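The chain is numbered in sequence order, starting from 1. All heavy atoms count here, side chains included; hydrogens, waters and symmetry mates do not. Here the structure is a predicted model, which is why all the values come from computation and not from measurement.
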Amino acid sequence: MKYHQKMKIISNSNFISNKKLILYLILFFGAALKILYVYQFDDYYDDWNFLYTVDPNISNEETWKRYFGDRGDWFLPEDFPYYFAFTTKYFLKIFSYSVENVHFFLLLFSIGSFFVFIKICDLFSKDYNFKILAIFLLITNLFLTRELNALRPHALSQFFGLLSLYYFILIYLEKKNSYKNIIIFTIVTLYFLSIWPLNLTLFAGQCAYIVKIIIERKGKKLLSIIFPLAIVAILYLILNYKYLDYQVVSKTQHYTPLEAKFFINYFFRSFFGSIIFGAIFLLFFSYFLISEIFVTLKISKYNLILFLKKLKHENIFLIIIVTIYFLIILYSLIRAPVMAPKYVTILVPLIILWVSFKIYKTKNKLIFHSIIIISVLNLLIYWNDIPIKRPQTKMVLKEISKSEIRDLFTTELIFFNNYLQNYNISLRNNINVQKFELEKFDKFPKNFWFLCLNNPSFALGDNNYPDEKKCFKYSQNKNLKLIKTIRYRDYILQLIEKN
């Protein structure tokens, strides 16, 4: 082999190694962003409720009561499927009960989804340019960073949804339909559907793509094609009919109506963290969508059957995306409104995969680098721009932990007190959280902290309302003296002395 040929091979090898290193650095950066978000930002009302429901120190019977709404001094049923609640409960039973451990549990799946995402990219192109663009847009996506951190099934939905899609592509596009792949696909997809009802829309998208495959193969081996999906559907109905009756058949009211403005941005504003970046991504998506339709129509000579046959493999993402949008709109019109971006978080990686592949295929370096730069700017500018402001709980607990007084009384309900009590900072510093009840005056310690939620912005929005009366409930007893007041967003923390 000539010298210059050897040098070319070495140069190519070094180039690939450098791209692989960049990919690993991006993954590390993505994991760091997820962890940073957990430590920087607080939780709010829905998260407090969830933590109370999944307490591993109570019986399963008591867990069921809490799941269906029993809060002791309050009633609020959970909407998500019980499989997610019990999965989380048994994780905490093994690794101990704390706010942080629930977040770490979700982080495992949130970060794990990066690796499944790359495996899906590999099925369409081994080129590192495509994988770098796609994974970078995924890890810098603010919407996913926020929503997958919430104490809800979204992180697990993301992981298992992508894993289901990976095995679906292996079986139906790569034709690697071994028993192993079919069994894994069935189990993964069944669990994916069982932890969040709107995940059924992705499954419907997979079924829609099966129609294209059946047409391509002219109905041959029909049973082997539909068998995995049929098994999943049957098992899902058997295992979830009670939940479907409880949450779908019996419940027709939701707080997320279909509004005309949806048809302006199609959630892209929320999905991509800002109006500007959402608009840019929507323009790219629209351009590639229109181009794909016109090119394929021209090739197929406007024949619908040929049109479906001529759709390229990467358009599996497009078919699933369109199916999800169609079904949530249809369900909102005929049954109950479910038009919230957080309900269909799985749309985001699908959109990123499809748009990234289309940008990569253009071979336009200006577009490639520009979208990465804009994504970074979007991340930096809007990192702190949280749609729902959270009470500054961590700051409150840090203040209390710095003092010698570790008794904390609140005016709030039991699930809120349970949340405060099970922060690691509370557990490490023996902070004792109790509900404030004036009739138990004799049992009050000499000095204690008094905390109240004061016109919380997550419920009322930004406001300057007068302080709530409950924040001064202690003043009804003249033997309780105010020593110090500290104000935080949504909280008033006061140090009280008992005479």
Side-chain angles (χ1 to χ4, degrees), residues 134 137-138 140-148 150 154 157-158 196 198-202 204-205 208 253-297 315 317-359 362 367 370-389 457-458 461-462:
L137 292 175
L138 184 79
T140 55
N141 185 278
L142 280 168
F143 175 79
L144 292 180
T145 300
R146 292 166 183 162
E147 292 303 327
L148 270 57
H154 306 320
S157 288
Q158 185 91 335
W196 189 244
L198 285 174
N199 290 345
L200 286 163
T201 57
L202 183 137
Q253 296 298 319
H254 291 273
Y255 63 91
T256 52
L258 175 62
E259 298 176 339
K261 65 180 181 181
F262 164 79
F263 296 99
I264 297 173
N265 66 76
Y266 296 91
F267 294 150
F268 274 65
R269 173 182 177 177
S270 298
F271 283 165
F272 294 95
S274 68
I275 295 174
I276 296 173
F277 197 46
I280 291 170
F281 234 91
L282 182 57
L283 286 172
F284 274 118
F285 182 83
S286 302
Y287 170 75
F288 291 129
L289 173 62
I290 293 168
S291 299
E292 191 70 33
I293 291 172
F294 277 105
V295 169
T296 310
L297 278 173
N315 289 321
F317 304 123
L318 183 60
I319 289 172
I320 294 173
I321 289 165
V322 171
T323 302
I324 292 173
Y325 272 117
F326 173 75
L327 288 177
I328 62 172
I329 292 170
L330 182 65
Y331 189 82
S332 295
L333 289 172
I334 67 175
R335 182 61 182 171
V338 289
M339 300 304 293
K342 64 181 180 180
Y343 290 168
V344 283
T345 56
I346 194 64
L347 268 173
V348 180
L350 299 179
I351 292 169
I352 289 173
L353 275 165
W354 192 70
V355 172
S356 297
F357 190 77
K358 291 299 183 182
I359 291 174
T362 66
I367 295 176
S370 295
I371 199 75
I372 288 177
I373 292 169
I374 294 169
S375 181
V376 172
L377 292 173
N378 189 66
L379 180 73
L380 294 173
I381 294 169
Y382 296 102
W383 176 261
N384 292 309
D385 188 19
I386 307 298
I388 300 176
K389 297 293 190 296
S457 51
F458 67 78
D462 292 331

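Between V344 and H154, every side-chain heavy-atom pair lies at or beyond the 4.5 Å cut-off. In this structure the side chain of K358 reaches within 4.5 angstrom of the side chain of E292, judged on heavy atoms. Looking at M339 and E259, their side chains never come closer than 4.5 Å, going by heavy atoms from C-beta outward. In this structure the side chain of Y343 never reaches within 4.5 angstrom of the side chain of I328, judged on heavy atoms. L350 has its side chain within reach of I324: a pair of non-hydrogen atoms, C-beta onward, lies under 4.5 Å apart.
For L327, the side-chain contact (heavy atoms from CB on, under 4.5 Å) partners at least two apart in sequence or on another chain are T201, A204, T323. Taking E147 as the reference, nothing meets the salt bridge (charged side-chain N to carboxylate O under 4.0 Å, His left out) condition, with sequence neighbours excluded.
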Got a list of side-chain donor-acceptor pairs under 3.5 Å for residues 266-291, not counting sequence neighbours?
unit_1, atom_1, unit_2, atom_2, d
S274, OG, F277, N, 3.2
S274, OG, N378, OD1, 2.6
S286, OG, L282, O, 2.7
S291, OG, Y287, O, 2.8

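In this structure, CD1 on I346 lies 5.5 Å from CG on L202, to the nearest 0.5 angstrom.
Between the side chain of S332 and the backbone N or O of V338, at least one donor-acceptor pair lies under 3.5 Å. With hydrogens and angles disregarded, a donor-acceptor distance shorter than 3.5 Å links the side chain of T362 to the backbone of I359.
Inspection of the N199 and S157 side chains reveals an N or O donor paired with an N or O acceptor under 3.5 Å.
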